[in-house]
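Some notes on the structure that comes next.
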Amino acid sequence: MSSIPIAVQDLSFQYRTRPEPAIVDVSFELRPGELLLIAGSSGCGKTTLARCINGLIPRSYRGERNGRVLLYGKDVAEMKIPEMAQVVGTLLQDPERQIVASNVFNEVAFGPENLGLPREQILQRVDQAMNRLNIAYLKERETFNLSGGEKQKVALAGLLAMNPSILLLDEPLASLDPASAYEALGVFRSLADEGKTILLIEHRVEDALEAKPDRMLYMEDGKVKYLDQIRDLPVEIDHTQVKLPAPWVVQRVKALSHEKSSILRRADAEKGELLVVFEEVDFQYSEDTPLVLKNVNLSIHRGDLIAVLGPNGAGKSTLVKHAIGLLKPTRGRVLIEGEDTRKMSIAQIACVVGYVFQSPTHMLYAPTVREELEFGPRNLEFKPEVMHASVAESLRSVNLIGLEDYPPLGLSFGQQKRTTIAAVLAMRSKIMIMDEPTAGQDFANYTRFMDALCKPSNGTHSLLTARFASTIFITHDLDLAVTYSNRVLLFGDRHVVADGKPEQVLKDTEQLLRYRVRPTSLLYMNLELLPATGRFLPAEVLAEYIR
Amino acid sequence: MLVTWKYRPRNTIVQRMDPRTRLIFMVCIIFALTIPEIWDYRIILPLFLISLTLYLLARIEWKDVRRVWLYISILVFFIVGLNGLLSGRGGPSSVTNIPSPVLFEVPIKIPYTEIGWDVPITVSKTWFALNQMTRMLCMAILAIPIPYTMDPNIYGTAFKRMGASDNVSFTMDLAFRFLPTFARDFSITLDAQRARGYEIDKLRGGLFARIRRLAPLIIPVVMQSTVTGEEVIDAMDLRAFGTAPRTWLKDLKYAPRDYVLLGLGVLIFIACCVLKWVFGIGGYFVPEFFTKFLVG
């Protein structure tokens, strides 16, 4: 048996249903204890590479495969699933997709039980895995009641209990709040230090650097464009495809002067008419559960583009559901244009407030995009000519022209997300609320998506400012707040902790850390340059202020 | 990810019982009523009282099961009860065959046509409807407490220890948790569509138009369930489920109280079979006191 954990040799793969290969001539080797960061935008081939390594290709996905993947000298194609599962542990993007059992102990024991190991050995492995990740205290908890970070650790413990020597981590930070992501990266590093070979697939390179990867493999169009140590990162790595630290972006923009055109300037908030008011709002889901909102006071004005930040489970979604009337306060009141939500039907509120849910699959149902967009206006009893005009305008606004007759559920995730936005646009609501608008999208896609919404297209107005009096979005991504918002709400401990311009709220980095929001290099750079810039700006624009 | 029912540990005799005992007892009662086709109130009523006692011993709070009882009541009283009362079908043929005094007649008409007839409500059909509802309730009140009082972590183990295969046991485990997951997805979808002005209580048009208007709820929930199912399969594959005989860590042990209930369940089943098939007791008849009560 070879001592090399992974050897990928001239690997190419083309899915049976695709006209072009997903990966072409990929070759690399990893030594024991090495942590390799695999980065690239959606469609670059990194997921296909991962499937070739964990054996899903050729077992579950059919196509033409050339070259070899050797695990300790043995070809993956010749290994059986139980053997594979003990060599490679795969952590999926969303821990919710990975967890099978209803309590933590059963979840961690699930893999070893499937291998038919003796009882004592299973108990020993479960204890070891849980102690290794310091989650022994979760042993008796229900899995669906865990926080995002806890779920991630439990899913990882489930893999460690199978004792694999290679860990394949497929965008493991996607559903974590920044502080949980930081903790997870520390765990990945320490596992590598203990001898596990780790492949970390992540498009947020800046965040992944916390795991101190030994090397980075950067892919574009199915090919390896860069494979070497991170400190020697060349300018060829495109900062619009993966999220790089702000200083690197500045360095790259300065080296490639033509990119300066890609700038975005936020509109400042001008306090306009009062649209939504929260007055001393308390809320609890039932009498025997604790308060989720406590004494929340908040006013939303015309012109606000609000980013809501805060840890998982803080009550951010509960807060915004009050603004659409899906939830009614236990105490206090919420006023929409002066009227109490208790006296309004949700359909009445929907004329004023549009709400885009996090997952498009919870919302899309129609046979065509056009019918999907007509659903809201029909419910609100728009006249046919107004509805058709509104739908046509919405399709144009989010660039869905040409896809009107496609089934929304057959579109790509990014297109589905745009369809949900268009569906709300077509209702001509005054206020747009988006719950985690970038969830499930990679950096390149969500940056394009947010640019399309927030970037001024006709000199002064963006799509959002032209079509909505106010926009609110919940996010874990601090850089979205820095780049796109003109007002930040920091929500934690069941109430609004801080509320104001991004430059005011985000300068208190200690307070951010207390509420599990980790400052990024873009925020630090902005804070440093604030005396010169006077406002927060994207890294590309900051390059102008750095000599 | 699948969620679980609103289970919480309670210090009750019902929850201290082995889950297999409760499942087997429930099956015994269902079989005792259905296989020998028991329609005699003198047997149904005691069985109902035994089931009710077990339900009350489970000490489930009313607020937890309020909604379930609403659905069960609609099913039992409006569907089973009314069907029995109007048609007399779903039971032995003697319900409609035996001559029975007519209490009153219900005029029934097919909408938008002139076709119609009067349905006689007889003493026999009324007694049958009551019997049928009691039988259904007898079975339902044994099943209702299970999700609230049985630890979701031992669903699969309970079936495995009753002799089911690994695949069947885990399928049952997942199936038990599917309904609350479906309910959660339904609630999220309902919120998402209501936020687009959809009002479920304002469904207009005929039957098919109304069903079509439910599509915005049904399609996303079915899609979500399919996606969840595929995710669970992938997650199980990646952890080698089904590739070797499985070790089930949890052990279950019968206590003396389990043997008592199991014995009672088996005894009831055998007794019902013997009474019906050997002694001819347990068939459908209308007791005199009921006829007298209704028609004097």
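Just so we're clear, the structure is a prediction, and the values are computed from it rather than from any experiment. Quick note on labels: first sequence line is chain A, next is B, and so on, each numbered from 1.
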Query raised in the report: Counting distance only, does the side-chain N/O of A/Arg125 pair as donor-acceptor with the main-chain N or O of A/Glu120 below 3.5 Å?
Result: no
**Report entry** N-O pairing of B/Glu61 and B/Arg66 below 4.0 Å
**Finding:** no
Report task. Verify, without hydrogens or angle tests, whether B/Arg20 (side chain) and B/Ala158 (backbone) share a donor-acceptor contact under 3.5 angstrom. Result -> no
Requested in this report: Could you note down all residue pairs passing salt bridge (Lys or Arg N to Asp or Glu O under 4.0 Å) where residues 104-116 of chain A supplies at least one of them, sequence neighbours left out?
Outcome: A/Glu107-B/Arg239, A/Glu113-B/Arg246
**Report entry** Between B/Asp185, B/Ile218, B/Ile188, B/Asp166, the one whose heavy-atom pairs under 4.5 Å with chain A are most numerous
**Finding:** B/Ile188
Query raised in the report: A/Lys321 versus chain B, heavy atoms under 4.5 Å apart: side chain, backbone, both or neither?
Result: side chain
Query - Presence of salt bridge, B/Arg22 and B/Asp258, under 4.0 angstrom - result: no
Report task. Name the region of A/Ser429, side chain, backbone, both or neither, that has any atom closer than 4.5 Å to a heavy atom of chain B. Result -> neither
Report task. Name the option with the most non-hydrogen atom pairs under 4.5 Å to chain B; the candidates are A/Asn54, A/Leu117, A/Val88, A/Ile349. Result -> A/Leu117
**Report entry** Atom group of A/Leu123 that falls short of 4.5 Å from chain B, counting heavy atoms
**Finding:** side chain
Query raised in the report: In terms of heavy-atom proximity below 4.5 Å to chain B, should A/Asn103 be classed as side chain, backbone, both, or neither?
Result: both
**Report entry** Polar contact flag, side-chain donor to acceptor under 3.5 angstrom, A/Thr368-A/Glu371
**Finding:** yes
Report summary line: Pair count under 4.5 Å, heavy atoms only, with chain B: among A/Ala109, A/Gly158, A/Ala366, A/Ala85, highest is A/Gly158
Query - Which of B/Ala215, B/Gly156, B/Ala235, B/Pro216 touches chain A most, by non-hydrogen pairs under 4.5 Å - result: B/Pro216
Report task. May I ask you to check whether B/Arg16 and B/Asn11 show a side-chain donor-acceptor distance below 3.5 Å? Result -> yes
Query raised in the report: Between B/Met223 and chain A, which part of the residue has a heavy atom less than 4.5 Å away: side chain, backbone, both or neither?
Result: side chain
Query raised in the report: Hey, are B/Gln224 and A/Thr361 close enough side-chain-wise for a donor-acceptor pair under 3.5 Å?
Result: yes
Report summary line: Per-residue tally against chain B (heavy atom, under 4.5 Å) across A/Gly111, A/Gly55, A/Ala426 peaks at A/Gly111
Query - Per-residue contact mode, A/Gln348 against chain B (heavy atom under 4.5 angstrom) - result: neither
**Report entry** Short side-chain to backbone donor-acceptor contact, A/Gln98 and A/Leu92, under 3.5 Å
**Finding:** yes
Query raised in the report: Considering only heavy atoms, which portion of A/Met363 lies under 4.5 Å from any heavy atom of chain B: side chain, backbone, both, or neither?
Result: both
Query raised in the report: Measuring heavy-atom distances to chain B, does A/Ile324 have an atom under 4.5 Å in its side chain, in its backbone, in both, or in neither?
Result: side chain
Query - Contact class of B/Asp237 relative to chain A, heavy atoms under 4.5 angstrom - result: backbone
Requested in this report: Under 4.5 Å heavy-atom distance to chain B, tell me which part of A/Leu409 shows up: side chain, backbone, both or neither.
Outcome: side chain
Query raised in the report: Side chain, backbone, both or neither: which part of A/Phe110 has a non-hydrogen atom closer than 4.5 Å to chain B?
Result: both
Query raised in the report: Between B/Lys253 and B/Asp18, is the closest basic N to carboxylate O distance under 4.0 Å?
Result: no
Query raised in the report: Given that the side chain runs from C-beta out, which part of A/Ile122 has a heavy atom under 4.5 Å from chain B: side chain, backbone, both or neither?
Result: side chain
Query raised in the report: Does A/Thr420 have any side-chain hydrogen bond (donor to acceptor under 3.5 Å, both in side chains) partners at least two apart in sequence or in another chain, and if so, which?
Result: none
